[in-house]
Amino acid sequence: MMRLSQLFVRTLRDDPSDAEVPSHRLLVRAGYIRRAAPGGYTWLPLGWRVLRKVEQIVREEMDAIGAQEVHFPALLPREVYETTGRWTEYGDNLFRLVDRKGADFLLGPTHEEMFTLLVKDLYSSYKDLPVSLYQIQTKYRDEARPRAGLLRGREFLMKDSYSFDIDEAGLSKSYNDHRDAYERIFKRLGLPYVIVKAMSGAMGGSMSEEFLAPIEVGEDTFVRCTSCDYSANTEAVTTGALAADTGTYNAASTVSTPNCPTIASLVDYLNTHHARTDRAWAASDTLKNVVLQLRQPDGTTETLVVGVPGDREVDLKRIEAQVSPADIETLDDAGFAKHPGLIRGYIGPQVLGKESTTGVRYLLDPAVVAGSAWVTGANEKDSHVLNLVNGRDFNADGTIEAVEVAAGDPCPSCGAALEIARGIEIGHVFQLGRKYADKLGLTVLDQNGKQVVVTMGSYGIGVSRAVASIAEAFHDDIGLKWPRAISPADVHVVVTGKKDDDISVAAEKLAAELEAQGLEVLIDDRVGVSPGVKFKDAELMGIPTILVVGKSLAEGNVEVRDRHAGTNEAIPVNNAVAHVTALARSGS
RNA sequence: CGGGGUGUGGCGCAGUUGGUAGCGCGCCUGGUUUGGGACCAGGAGGCCCGGGGUUCAAGUCCCCGCUCCCCGACCA
């Protein structure tokens, strides 16, 4: 039994000044965590209980799919990460240190290499596969900006697992097993989640999904369909081909547009000097051509122009995901100098494309549909072209998903409007494929005695982040409201009496009986502390059931308060143990 | 890494033209209280983020760092 008179905890009356988001504020105020270092937190007894419960649920569900728990050191030698190039790739995000002999070490930000090598070390036959291994480990990342308490720290607890299979079918099964396990984990934690399609990035065409807790303070933006169940990370949305424009348009004509280098100035000028009869010109009538530079891993560069409707922004991350492993950036002045044919502010597709005068590759966003007419640059200063039709007056080299996805865009799956939401990434499942196995030489002999490279999946859950996410999802102005599965206790007994009076005696007896039923009991047995303080602390700490033993004892009752529902029910004392036990076991 | 803010007992904050640091909460002692963060009296507790400087004198002014928070860039 935890006694508040003894428990190592101190609640704060005021919000800590350095905490902004609710989870951070409340976890500190309620005495669950303390900041100990930039991006690092100490877990106090209450917080540690919650963390361990989350960890245990994760462990049980991983074990249930046959994954086996191992544990690596966090302190790792440089060589391994050198092999996969991540010693450099990770850059400043890696915590590096040097031992007394001058050897380089790092604190593990993630453990793909170590797991791959471990399997290579022990296994060498297809008969050994499939195998899935996991660990629950402290990870280190020297984040540019740790923020929001536990949500983004530099040291955090993560469950990472890796599957090893002989072929794609096996990988697919391992992936689905993990995905299913993750769904069970988040359901048991009581944490709302959405599964969104994620970018697979450099690894090429493989499947990757993120589990996001849909919470405003999250750092990830995703879209979801207002009609069907489609959802995706904004960078991963693929619009696909849209219906062609079947309208007929006048022949293209060039107009003088002095001092109109921006979309806004162009639209203003057109409305003043070339007003349409049917409606006003809008930014969406214009075709914006953004000049980018591709940089391949080997250092070679290529200029690329992407055409998007003028009312839309270009999403570089989204483009980058499609040109990976190349990097993308906007073309700088030096780059423009090499292309005298590109007149900044007045670029039009007439001079773009592989076959054109500039020879610059030209790609269109799918929103610029076939047959559509546009106002766009005339490729000379102070001139634009009206009614330039895609397919009639110009052709692109292809399409690329380029615009920043916005609310109201059509759902790629059903066509209904998409909405934009924010979320906290709490899990990620990813078909890695053979990238690490290739680089680290993880092969096994197959049925025919042939060496084959093993295919891998990697799967992560941010355990400490999950605690913060749950706090974000379940709290109100006055405190936390833990889901039962991970609450630091089942019941919080508030004793409002004086030392050794009838109330205290009855409360102690109830607490002991509850504990005898197998419940975890926290009792506020502090003497000389006013009832108001005890009520406030109970609400702040957020244990789902609060049992108040106080003045209604005279009528033979105690109060059972539900922290989630906010209800307060009088229950006869002799019924209290059965009642509270039933509540705790109901799981709700 | 860029922009903005910030840093003073455990927590929240004040500190005037530069003159040797204060309030509330919390903590300790005694007493009165006990159903919504009680009251009285008495106490303890400070490298004013750090380092340089200006000055007879610096929490306060100047320079250089750092911290934390927010926005952006980056990031699983």
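Naming: A, B, ... by sequence-line order, numbering from 1 per chain.
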So with a 6.0 Å cut-off around CG of D502(A), is the heavy-atom count from everything else above 12?
no

Of the nucleotides C25(B), G36(B), A38(B), which has the atom closest to the R561(A) side chain?
G36(B)

Are any side-chain N or O atoms of R563(A) and backbone N or O atoms of L480(A), one a donor and one an acceptor, separated by less than 3.5 Å?
yes

Check this for me: does the side-chain of R29(A) come within 3.5 Å of the base of G37(B) through a donor and an acceptor?
yes

Salt bridge or not between D220(A) and R422(A)? Use side-chain N to carboxylate O under 4.0 Å.
no

To the nearest angstrom, how far is R34(A) atom CZ from G26(B) atom P?
16 Å

Side chain of K498(A) - closest among G37(B), U34(B), G24(B):
U34(B)

Side-chain contact check for L12(A): nearest option of C75(B), C11(B), U34(B) is C11(B)

Suppose you measure atom P in G26(B) against the same atom in C40(B); what distance do you get, rounded to whole Å?
12 Å

Whole-Å distance between C75(B) P and Y140(A) OH?
23 Å

Considering only side-chain heavy atoms of F535(A), which listed nucleotide, G36(B), G37(B), U34(B), is closest?
G36(B)

What integer distance in Å separates D15(A):CG from G10(B):C1'?
16 Å

Rounded distance in Å between the P positions of C68(B) and C49(B)
16 Å

Return the nucleotide paired to C1(B): Watson-Crick means purine N1 to pyrimidine N3 with N6-O4 or O6-N4, wobble means G-U with N1-O2 and O6-N3, both under 3.5 Å.
G72(B)

Donor-acceptor pair under 3.5 Å, R35(A) side chain vs C68(B) base
no

Cation-aromatic face contact R561(A)/F535(A), 6.0 Å, 45 degrees:
yes

Answer yes or no: is there an ion pair linking R526(A) with D537(A), defined by an N-O contact shorter than 4.0 Å?
yes

Closest nucleotide of RNA chain B for R10(A) versus for V21(A): which of these residues is on the 5' side?
R10(A)

Candidates A38(B), C68(B), C70(B) - which lies nearest the side chain of E20(A):
C70(B)

Could you measure between the two P atoms, the one in U16(B) and the one in C75(B), and give it in whole Å?
45 Å

If you only use heavy atoms from C-beta on, which nucleotide in C69(B), G35(B), G37(B) is closest to the side chain of D18(A)?
C69(B)

Taking the C1' atom in each of A57(B) and U67(B), what is the distance between them to the nearest angstrom?
29 Å

Work out how far the P atom of C63(B) is from that of G4(B), and round it to whole angstrom.
15 Å

With a 4.0 Å cutoff (strictly under), does any side-chain N or O of S530(A) reach OP1 or OP2 of G37(B)?
no

Below the 4.0 Å mark, does G35(B) have OP1 or OP2 next to a side-chain nitrogen or oxygen of T496(A)?
no

Of all the nucleotides listed (G36(B), C68(B), G37(B)), which has the minimum atom distance to the side chain of E539(A)?
G36(B)

Please determine whether a side-chain nitrogen or oxygen atom of S17(A) lies at a distance below 4.0 Å from atom OP1 or OP2 of C13(B).
yes

Hey, is D160(A) close enough to K139(A) for a salt bridge, meaning N to O under 4.0 Å?
yes

Is there a donor and acceptor pair, one atom on the side chain of D537(A) and one on the base of G37(B), closer than 3.5 Å?
yes

Applying the 3.5 Å cut-off to both distances, the Watson-Crick or G-U partner of U29(B) turns out to be A41(B)

D14(A) has a side chain; which of G24(B), G10(B), G37(B) sits nearest to it?
G24(B)

